[in-house]
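Sequential numbering from 1 along the given sequence is applied to the chain's residues. All heavy atoms count here, side chains included; hydrogens, waters and symmetry mates do not.
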Amino acid sequence: MCSESFREHCPLAELGRGGTRLWVYDSLLSEYAALGFEYGYSVGDSEALVLWEAQFGDFVNGAQIILDQFVVSAEDKWGQRSGLVMLLPHGFEGQGPEHSSGRIERFLQSVAENNIRVANLSNSAQYFHLLRDQAKRRPRNPLVLFAPKSLLRHRDARSPVSELTGGQFSPLLGDPGGPPPDQVTGVVLASGKICHEALAERDRAGAAVAVLRAEQLYPWPADALADALSRYPNADKIAWLQEEPQNMGPWNYAKGHLHDALDDRFEIIGASRSESSSPATGSAAVHAQEQSELVARTIHLFNG
């Protein structure tokens with residue numbers, strides 16, 4: 001509300017050019033109803049970039065029927081396309097079992113025939129370029145975008161303006177530093193927030209390890225990964241690192257791709273929390289201990 005004219009004023013709307021319009025709506029706290037509405041809106045207006053954000057990714061299970069019946073399968077069943085973007089906060093940050101996991105594994109069990117895109121990003125430029133790509137691409141498929149809330153304020157997730165005004169989305173990011181490529185003996189492959197923790201531990205330990213970031217999980221970045229690995233001729237192990245328990249997260253999806261393409265050259269290792277019936281511990285102290293031990297154990301896999 002403008003303090004002088006008392007008229008409704010939306011500052012973001014002033015950024016529009018050439019007749020672009022912005023609508024912002026609040027919705028009731030019902031994932032089933034809200035996601036169903038947004039999916040229908042994205043089908044009805046194929047030119048609009050429709051985004052639905054869960055308060056936490058965990059809450060998307062309340063909309064599972066919409067996911068199964070429409071988001072992942074409508075194109076195959078009826079030829080019905082949608083460009084819906086689902087923003088699911090996901091990351092193990094000590095907030096407990098109901099505020100940690102967007103259940104990446106459930107989406108990865110449903111991927112086929114390029115029906116959706118699944119991404120778990122690690123910096124702001126990637127986030128910007130992926131949303132921009134989704135807005136521009138034709139035809140569109142639903143985009144499921146996982147991102148932990150802590151990266152909103154994480155120093156290492158910042159991107160310079162030049163990476164926002166130029167460049168494009170990359171399904172896989174290489175190691176920004178570390179030892180010379182010919183000295184690398186092992187590669188850690190991870191996705192999302194834990195990549196930053198792995199890089200920090202590698203630098204602290206001075207380990208001969210490269211850390212690669214799988215920004216897009218589906219479609220799997222096979223060519224980009226093969227190209228990145230070609231830089232490390234003396235590496236003979238790959239560890240998939242994830243925050244989630246072994247029976248959750250991307251591991252059971254990723255290991256098939258890794259073994260199919262790479263087990264003739266690399267030993268493939270999974271590094272995760274132990275199997276669990278719930279996504280995360282309810283204790284912040286236990287979480288912090290688990291997290292530090294997991295990252296350190298993974299980096300030191302390559303010491304001998």
Side-chain angles (χ1 to χ4, degrees), residues 53-60 86-105 107-108 118-131 143-159 163 169-178 187-204 209-218 221 239-246 248-251 253-254 270-273 276 279-281 283-299:
E53 182 174 23
Q55 184 181 12
F56 284 91
D58 311 63
F59 302 164
V60 75
M86 298 174 55
L87 305 174
L88 304 181
H90 171 94
F92 283 55
E93 301 170 334
Q95 297 192 68
E98 314 303 336
H99 300 86
S100 297
S101 176
R103 296 290 192 170
I104 291 178
E105 66 277 2
F107 289 93
L108 294 177
V118 180
N120 189 13
L121 307 182
S122 63
N123 69 45
S124 55
Q126 287 283 89
Y127 197 103
F128 169 76
H129 286 300
L130 183 55
L131 289 181
L143 168 62
V144 186
L145 180 50
F146 296 91
K149 296 189 176 187
S150 65
L151 289 193
L152 293 171
R153 56 186 182 277
H154 198 297
R155 291 180 61 86
D156 293 334
R158 297 178 303 176
S159 298
E163 292 184 8
F169 174 69
S170 299
L172 185 132
L173 294 178
D175 195 318
V187 174
V188 171
L189 179 62
S191 188
K193 174 179 72 70
I194 202 168
C195 298
H196 295 293
E197 297 167 68
L199 287 165
E201 177 63 21
R202 186 275 310 277
D203 293 344
R204 187 198 67 78
V209 175
V211 178
L212 304 180
R213 289 175 275 176
E215 303 281 288
Q216 179 174 283
L217 294 168
Y218 185 80
W240 174 269
L241 171 62
Q242 66 177 35
E243 301 178 294
E244 301 88 351
Q246 185 179 8
M248 302 178 192
W251 166 238
Y253 161 83
S272 66
R273 286 173 164 82
S276 176
T281 176
S283 165
V286 172
H287 157 78
Q289 181 178 354
E290 288 179 345
Q291 192 81 356
S292 62
E293 289 178 355
L294 170 61
V295 174
R297 183 173 72 246
T298 304
I299 295 300

Which residues satisfy the side-chain hydrogen bond (donor to acceptor under 3.5 Å, both in side chains) test with Glu293, sequence neighbours excluded?
-> Gln289
Output yes when a side-chain donor or acceptor of Gln242 lies under 3.5 Å from a complementary backbone atom of Ile194, and no otherwise.
-> no
For Leu88, which of Ile104, Leu145, Asn120, Val60 qualifies under side chain to side chain contact (heavy atoms under 4.5 Å, CB included)?
-> Val60
The reported gap from CD in Glu243 to OG in Ser101 (rounded to nearest 0.5 angstrom) is 10.0 Å
When rounded to the nearest 0.5 angstrom, what is the spacing between OG in Ser170 and CG in Leu130?
-> 10.5 Å
Only pairs at least two apart or in different chains count here, so list each salt bridge (charged side-chain N to carboxylate O under 4.0 Å, His left out) that has a residue in residues 89-100.
-> none
Measure from the side-chain N and O atoms of Tyr253 to the backbone N and O of Leu217, and report whether any donor-acceptor pair falls under 3.5 Å.
-> yes
Partners meeting side-chain hydrogen bond (donor to acceptor under 3.5 Å, both in side chains) with Glu105 (sequence neighbours left out) = Arg103
Listed by chain and number, what are the ring pair (Phe, Tyr, Trp, His ring centres under 6.0 Å) partners of Phe107, not counting sequence neighbours?
-> Phe146
Can you list the residues that meet the side-chain hydrogen bond (donor to acceptor under 3.5 Å, both in side chains) rule with Gln126, with sequence neighbours excluded?
-> Glu215
Closest non-hydrogen atoms of Gln246 and Trp251, given as atom of the first, atom of the second and distance, are O-CD1, 3.8 Å
Please report the C-alpha distance between Arg273 and Thr281 in whole Å, then the side-chain angles of each, then the deciding distance to 0.1 Å, and finally whether the side-chain contact (heavy atoms from CB on, under 4.5 Å) criterion is met.
-> CA-CA 11 Å; Arg273 286 173 164 82; Thr281 176; 5.9 Å; no
At their closest point, which heavy atom of Leu212 faces which heavy atom of Gly174, and how far apart are they?
-> CD2-CA, 3.9 Å
Applying side-chain contact (heavy atoms from CB on, under 4.5 Å), run through Leu294 and Leu241 and close with a yes or a no.
-> CA-CA 9 Å; Leu294 170 61; Leu241 171 62; 3.9 Å; yes
Of the non-hydrogen atoms in Ala214 and Ser191, which two are nearest, and what is the gap between them?
-> O-OG, 2.7 Å
CG (Leu143) and CG (Leu87) are apart, to the nearest 0.5 Å, by 7.5 Å
Donor on one side chain, acceptor on other, His90 and Glu244, under 3.5 Å = yes
For Arg155, the side-chain hydrogen bond (donor to acceptor under 3.5 Å, both in side chains) test, sequence neighbours excluded, returns none
When you measure from the side chain of Arg213 to the backbone N and O of Leu173, does any donor-acceptor pair fall under 3.5 Å?
-> no
Does the pair Trp240 and Ser272 meet the rule for a side-chain contact (heavy atoms from CB on, under 4.5 Å), with working shown?
-> CA-CA 8 Å; Trp240 174 269; Ser272 66; over 6 Å; no
Is any side-chain heavy atom of Glu53 less than 4.5 Å from a side-chain heavy atom of Pro89?
-> yes
Considering non-hydrogen atoms only, spot the tightest contact between Tyr127 and Ala147 and give its length.
-> CE1-CB, 4.2 Å
I would like to know whether Asp175 and Leu199 meet side-chain contact (heavy atoms from CB on, under 4.5 Å); could you show each step before the answer?
-> CA-CA 8 Å; Asp175 195 318; Leu199 287 165; 3.8 Å; yes
Flag the pair Arg204 / Ile299 as yes when at least one side-chain heavy-atom distance between them is below 4.5 Å, and no otherwise.
-> no
